[in-house]
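The structure appears right after this line, and notes come after that.
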There are 2 protein chains.
Amino acid sequence: MSISSPSRTPAEPPDVAWLDPQEQRAWRAYLVGTTLLMERLDRELGETFDLSLSEYEILVRLSEAPENRMRMAVLASSLSHSRSRLTHTVKRMELRGLVVRSSCSDDGRGVEATLTEEGGSLLAAAAPLHVRGVRRLLVDLVGPADFAAVGRAFEQVSDALVAGHPDADIR
Amino acid sequence: MSISSPSRTPAEPPDVAWLDPQEQRAWRAYLVGTTLLMERLDRELGETFDLSLSEYEILVRLSEAPENRMRMAVLASSLSHSRSRLTHTVKRMELRGLVVRSSCSDDGRGVEATLTEEGGSLLAAAAPLHVRGVRRLLVDLVGPADFAAVGRAFEQVSDALVAGHPDADIR
DNA sequence: GGTATTCACTTGAACCTTCAAGCAATAACC
DNA sequence: GGTTATTGCTTGAAGGTTCAAGTGAATACC
């Protein structure tokens, strides 16, 4: 029984267009490649700086924000993480002294995360390794044309999916 | 031509080439897009068939194998999962009756996972939804040219990363 | 002004993955 | 043939994410 096989029987439901062998191959390459790439980048940061890829991304976002501070909800949605996930992650990072949390002055419900000196230093130390990895394992490896295509493709994917889900914790 | 590294501007730290804004944007689109896409496909399968994306992939691999059976190690590496992860996942799937495990006749250490009737039916039921999702959210959405580029890109990524890591559980 | 609803975030349990042993079976060595 | 190393898979605990429920502040309603 081969679900992916290109051979078709006339009895097949009309509204399901299977992937042809080329598409199949590309899809699987993307699945496996992404798995390996994320794992590798995560491991590089983890071994050297005891930092996961998502923690790194949090540091980056904060470092780019005015005054190095951001509302939790904004940070969460910019990373496409659930609020809950961000709460846990930021709590751990706060215990390590990489960020501090404080409640918003203008909205008592809101919480802002701020990059600490220590968090900034760690980011500065980790960034070269990470960027080198991204270049070596993706950007430079696949070349400008294909990398640009990857960018275009996933911008469309993001747009399509963000459109459907107007924020909520339901994610 | 320089043998060890491409030429760089003298002022920059010699071994760090940052991402330019375009590259940065593409990289983040890929990160966010992949997060959202995986989450969505996983959720679709989960809600309707109580099946995760990786469980689904296991069913697919088995369905394509001769006699619907595969050695655990082969299955693991074809999915780029750790052996340990596969053990746990397959154990859960066995409890649900989707697969059965049996030890290899020719190698007493080896274990083979076999797709059950029930597992096959579940796959057949789930496949249309999943394939539709992959098409709608990626393949058809981005068009043939860019999707082909994604395939090429991640085949290179996979090759580069698989080459480095000759299998082991160290993953 | 008081109640109800919504919003922003947190909490703790359940679940999955990773990590570091652990256990058999096989292969290698002498 | 008997010891040792390696291979193939499993196990249980640790760690992170998700899910559902919970807290407190702001807003809406009357």
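Note on naming: letters A, B, ... go to the chains in the order of the sequence lines (proteins, then strands), and numbering restarts at 1 for each one.
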Along DNA chain D (nearest heavy atom to each residue), the more 5'-positioned of A/G108 and A/E55 = A/E55
Would you say A/R85 reaches D/dG16's phosphate, i.e. side-chain N/O to OP1/OP2 under 4.0 Å?
-> no
In whole angstroms, how far is the P atom of D/dG15 from the CZ atom of A/R96?
-> 13 Å
Grab the CE-P distance between B/M38 and D/dT18 for me, whole Å please.
-> 14 Å
Where does the angle between the aromatic ring planes of B/H130 and B/Y56 fall among parallel (under 30°), tilted (30 to 60°) and perpendicular (over 60°)?
-> tilted
Take the protein atom CG of A/D42 and the nucleotide atom C1' of D/dG15, then report the distance between them rounded to whole Å.
-> 12 Å
If only atom types and distance count, is the side chain of A/R132 paired as donor or acceptor with the main-chain N or O of A/A127 below 3.5 Å?
-> no
Minimum-distance nucleotide to B/R71 side chain [options: C/dT10, C/dC16, D/dC9] | D/dC9
Could you please name the option among D/dT10, D/dT17, C/dT10 that lies closest to any side-chain atom of A/T89?
-> D/dT17
At under 4.0 Å between heavy atoms, what does A/S52 touch on the DNA or RNA strands: base, sugar-phosphate, or nothing?
-> nothing
Answer yes or no: does a side-chain N or O of B/K91 lie under 4.0 Å from OP1 or OP2 of D/dT11?
-> yes
Under a 4.5 Å cut-off applied to non-hydrogen side-chain atoms, are A/F147 and A/D140 in contact?
-> no
Quick one: B/D50 CG to C/dC16 C1', roughly how many Å, whole number?
-> 14 Å
Under 4.0 angstrom between B/R101 side-chain N/O and D/dG8 OP1 or OP2 = no
Answer yes when B/E44 and B/R136 have at least one side-chain N-carboxylate O distance shorter than 4.0 Å, and no when they do not.
-> yes
Record whether the side chain of A/S84 comes under 3.5 Å of the base of C/dT11 through a donor-acceptor pair of N or O atoms.
-> yes
OP1 or OP2 of C/dA20 less than 4.0 angstrom from a side-chain nitrogen or oxygen of B/R83, does that happen here?
-> no
Using atom CG of B/D106 as one end and atom P of C/dT26 as the other, report the distance to the nearest whole Å.
-> 9 Å
Hey, does the side chain of B/N68 reach the backbone of B/T114 with a donor-acceptor pair shorter than 3.5 angstrom?
-> no
Looking at D/dC9, C/dA25, C/dT6, which one has an atom nearest to any side-chain atom of A/R109?
-> C/dT6
Between D/dG15 atom P and A/L51 atom CG, what is the distance in whole Å?
-> 17 Å
May I ask you to verify if any side-chain N or O of B/S82 is less than 4.0 angstrom from the OP1 or OP2 atom of C/dT18?
-> yes
Distance in angstrom units between A/H81 NE2 and C/dT10 P, rounded | 16 Å
Answer with yes or no whether A/H88 presents, from its side chain, a donor or acceptor under 3.5 Å of a partner atom in the base of D/dG15.
-> no
Could you state the CD-C1' distance from A/E47 to C/dT18, rounded to the nearest angstrom?
-> 13 Å
